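All values below were derived from every heavy atom in this structure, side-chain atoms included, with hydrogens, water molecules and symmetry-related copies excluded. Bear in mind the structure is a predicted one, so any value in this text is a computation, not a measurement.
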Amino acid sequence: MASALSTVAIVARPAVGRACCASSSRRVSRTTHSLGFRPAAARRSVVVRAADGGFDAEEFKSKASSTAKDLKAAWEATEEKPAAIALAVAGFVAVWASAGVVSAVDHLPVVGDLFELIGLVVTGWFIYRYLLFGPDRAELKDNIDSFLSKVAG
């Protein structure tokens, strides 16, 4: 996965030859240019190119077919299909609602910066606690394996 991500090149170049703004908003665009703002039509365009060798189609097909077979077998083994569908819909609604709450909180002036600071501190603590030293990484791997064995059964 890391090799596929490293082969993507993103090139940003200014939009050249396009009309800056509609005729009704030319006065606005002149004032925004003088203030340092860029009108919507003059934003940069992004071109993404992938290099050769980063994607193996056969490996992807085999993984996709094995995943589809596993999902089909798990669905057939499920006894309460309506409950599983209700849980999936409830999960989708919960993620959607939490994204809305996070977006609303992020627009508050102080709270978003405070949460960002808390996230940076917790990330630093996690790196120091579990990733910096070898025995701690082994402990993290054991914790993850024990959790997965509890979940998977």
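By the criterion of side-chain heavy atoms lying less than 4.5 angstrom apart, applied directly or through intervening Ile, Leu, Val, Met, Phe, Trp or Tyr residues, V89 is not grouped with L87; the two fall into different hydrophobic clusters. Cluster membership for W125 and L120, using ILVMFWY side-chain heavy atoms within less than 4.5 angstrom, is not shared. Clustering ILVMFWY residues whenever any of their side-chain heavy atoms sit less than 4.5 angstrom apart, transitively, puts V102 in a cluster other than the one holding W96.
The minimum heavy-atom distance linking V95 with S98 is given by the pair O-OG, 2.9 Å.
Atom NZ of residue K61 and atom CG of residue D56 lie 10.5 Å apart, to the nearest 0.5 angstrom. Between the OG1 atom of T123 and the CD1 atom of I118 there is a distance of 11.5 Å, given to the nearest 0.5 Å. Atoms CD and NZ, on E59 and K63 in that order, are 4.0 Å from each other to the nearest 0.5 Å.
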Check residues 135-153 and write down every donor-acceptor pair under 3.5 Å in which the side-chain atom is one partner and the other belongs to a residue at least two apart or another chain.
unit_1	atom_1	unit_2	atom_2	d
R137	NH1	L131	O	2.9
E139	OE1	R129	NH1	3.4
E139	OE2	R129	NH2	3.0
K141	NZ	D145	OD2	2.9
S146	OG	D142	O	3.3
S146	OG	N143	O	2.9
S149	OG	D145	O	3.4
S149	OG	S146	O	2.7

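The backbone N or O of A99 sits nowhere less than 3.5 Å from a side-chain atom of S103 that would complete a donor-acceptor pair.
Other residues, nucleotides and ligands contribute only 12 or fewer heavy atoms inside 6.0 Å of the NZ atom of K72. Environment of CH2 in W75: crowded, with over 12 heavy atoms of neighbouring residues, nucleotides or ligands closer than 6.0 Å.
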